[in-house]
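Written out below as structure tokens is the structure these notes cover.
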Amino acid sequence: MNLDIGGVLYVLGALLNIQLLKMMPYTIVYPLTSITYIWTLILSSLFLLEKMNRRKWFGILLVITGAFFLTM
């Protein structure tokens, strides 16, 4: 069951990535995949009870800041 959900989400993400590549240049789309790290931290803290510390929050802030400047 979990493997099926993971497979569906992976395919959905790949299709969305293809659509984005049709609309935006690769040099912008690919670095924005770093946002995946934010989702991973959020989901792991919710479901796996991963501890969030200052270093992780600072990393999230850096990723968001970089994505912001990249899309300007």
Side-chain angles (χ1 to χ4, degrees):
M1 176 79 168
N2 288 338
L3 187 59
D4 296 335
I5 294 170
V8 168
L9 291 175
Y10 179 80
V11 169
L12 181 63
L15 292 173
L16 287 172
N17 197 23
I18 291 168
Q19 289 301 316
L20 277 175
L21 285 171
K22 289 179 182 179
M23 296 184 290
M24 299 175 75
Y26 185 72
T27 55
I28 293 176
V29 174
Y30 186 71
L32 287 178
T33 59
S34 63
I35 294 173
T36 302
Y37 297 114
I38 296 172
W39 289 113
T40 302
L41 278 173
I42 291 169
L43 292 174
S44 66
S45 68
L46 290 174
F47 295 109
L48 302 175
L49 304 177
E50 180 79 21
K51 301 287 186 224
M52 295 296 290
N53 56 29
R54 287 184 190 169
R55 190 170 148 205
K56 290 177 185 176
W57 284 113
F58 184 67
I60 288 174
L61 179 67
L62 287 177
V63 169
I64 291 171
T65 303
F68 175 76
F69 282 119
L70 186 65
T71 57
M72 287 183 71

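Linking Ile, Leu, Val, Met, Phe, Trp and Tyr residues whenever their side-chain heavy atoms come within less than 4.5 Å places Leu46 and Met52 in a single cluster. By the rule that hydrophobic residues join a cluster once side-chain heavy atoms approach within less than 4.5 Å of another member, Ile38 and Leu61 end up as members of separate clusters. Both Met23 and Tyr30 belong to a single network of hydrophobic side chains, linked directly or stepwise wherever heavy atoms of I, L, V, M, F, W or Y lie under 4.5 Å apart. Hydrophobic clustering (side-chain heavy atoms under 4.5 Å, transitive across Ile, Leu, Val, Met, Phe, Trp, Tyr) keeps Ile42 apart from Phe58.
Here OG1 of Thr33 is found 7.5 Å from CG of Asn17. Values are rounded to the nearest 0.5 Å. The CG atom of Leu70 sits 12.0 Å away from the OG1 atom of Thr65 when rounded to the nearest 0.5 Å. For the atom pair CG of Leu16 and CG of Leu12, the computed distance is 4.5 Å after rounding to the nearest 0.5 Å. One finds the CG atom of Leu62 at 10.5 Å from the OG atom of Ser34 (value rounded to the nearest 0.5 Å). Summarising the geometry, atom CG belonging to Leu21 is positioned 9.5 Å from atom CD belonging to Gln19; distances are rounded to the nearest 0.5 Å. Separating the CG atom in Leu41 from the NZ atom in Lys56 is a distance of 6.5 Å, to the nearest 0.5 Å.
Residues that satisfy the side chain to side chain contact (heavy atoms under 4.5 Å, CB included) test with Met24, not counting sequence neighbours, are Leu20, Ile28, Val29.
With a 6.0 Å radius and a threshold of 12 heavy atoms from other residues, nucleotides or ligands, Leu3 has its CG atom at or below the threshold.
Residues Trp39 and Ile35 form a side-chain contact, since some pair of their non-hydrogen atoms from C-beta on lies under 4.5 Å apart. Side-chain contact between Val8 and Asp4 is absent, with no heavy atoms from C-beta onward closer than 4.5 Å.
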